[in-house]
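Worksheet: the structure to be examined is printed underneath.
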Amino acid sequence: MNDKAVRIDAWVWAVRLYKTRTAAAEAVRAGHVKLNGVAVKPAQHVVVGDTVRAWVHHREHIVEVAQLHSKRVGPAIARAAYVDHSPPPPSKEILASMPKRDRGAGRPTKKERRQMDRLMGR
């Protein structure tokens, strides 16, 4: 469906960045979805040419809106609805070298969290 503008929560759900419309709206409300670099509310409208940054499954997706859809579409149509500018995922070697906590070891300490952040490049 091509309109002049579509709600951002509906669009990120329609192009399959989020599994449910509720999850998409919650992510937008939490600030995990940014429109042109600005955190917005779920009712904010998206137009063709906008840049959407979405934090999904511990990874940032940077997409440029190419088509507008307000209803969920199939995977092939969804991929055509945006231009993906996301950085490539980390290699398997990097993921394997990351430290893993033992199951049941509890939350990391502040020192451990800072070490993990440094390792991840944050």
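In this text, all values refer to a predicted model and were calculated from it rather than measured experimentally. Basis for what follows: all heavy atoms, side chains included, without hydrogens, waters or symmetry-related copies. All residue numbers refer to positions in the sequence shown, counting from 1.
Gln67 contributes atom CD, which lies 10.0 Å from atom CH2 of Trp11 (distance to the nearest 0.5 angstrom). Between the CG atom in Leu68 and the NZ atom in Lys4 there is a gap of 12.0 Å [rounded to 0.5 Å]. Rounding to the nearest 0.5 Å places CZ of Arg79 at 9.0 Å from CZ of Arg16. With rounding to the nearest 0.5 Å, the separation of OG1 in Thr109 from CD in Gln115 is 7.5 Å.
The shortest distance between side-chain heavy atoms of Glu93 and Ser97 does not fall below 4.5 Å. Counting only heavy atoms from C-beta outward, the side chains of Lys110 and Arg113 approach each other to under 4.5 Å.
Annotation for Trp13 and Ser70: closest pair CZ3-O, 3.8 Å, computed over non-hydrogen atoms. The shortest non-hydrogen separation linking Arg7 to Arg21 is NE-NH2, 3.6 Å. Listed here is the closest heavy atom pair of Ala54 and Tyr18: CB-OH, 4.2 Å. For the pair Ala14 and Ala78, the tightest heavy-atom approach, listed with the atom from each and the gap, is O-CB, 4.4 Å.
Both Val15 and Val65 are assigned to one and the same hydrophobic cluster, defined by single-linkage of ILVMFWY side chains at heavy-atom distances under 4.5 Å. Residues Val63 and Val6 are members of one and the same hydrophobic cluster, defined by side-chain heavy-atom contacts under 4.5 angstrom among Ile, Leu, Val, Met, Phe, Trp and Tyr.
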Hey, can you pull the donor-acceptor pairs under 3.5 Å for the side chains in residues 33-53, sequence neighbours left out?
{"unit_1": "Lys34", "atom_1": "NZ", "unit_2": "Gly31", "atom_2": "O", "d": "3.1"}
{"unit_1": "Asn36", "atom_1": "OD1", "unit_2": "Thr51", "atom_2": "N", "d": "2.9"}
{"unit_1": "Asn36", "atom_1": "ND2", "unit_2": "Asp50", "atom_2": "OD1", "d": "3.2"}
{"unit_1": "Asp50", "atom_1": "OD2", "unit_2": "Val47", "atom_2": "N", "d": "3.0"}

>> Pair His61, Tyr82 - check side chain to side chain contact (heavy atoms under 4.5 Å, CB included), show working.
In response: CA-CA 11 Å; His61 295 271; Tyr82 59 84; over 6 Å; no
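Partners of Pro89 according to the side chain to side chain contact (heavy atoms under 4.5 Å, CB included) rule, which considers only residues two or more places apart in sequence or in another chain, are Arg59.
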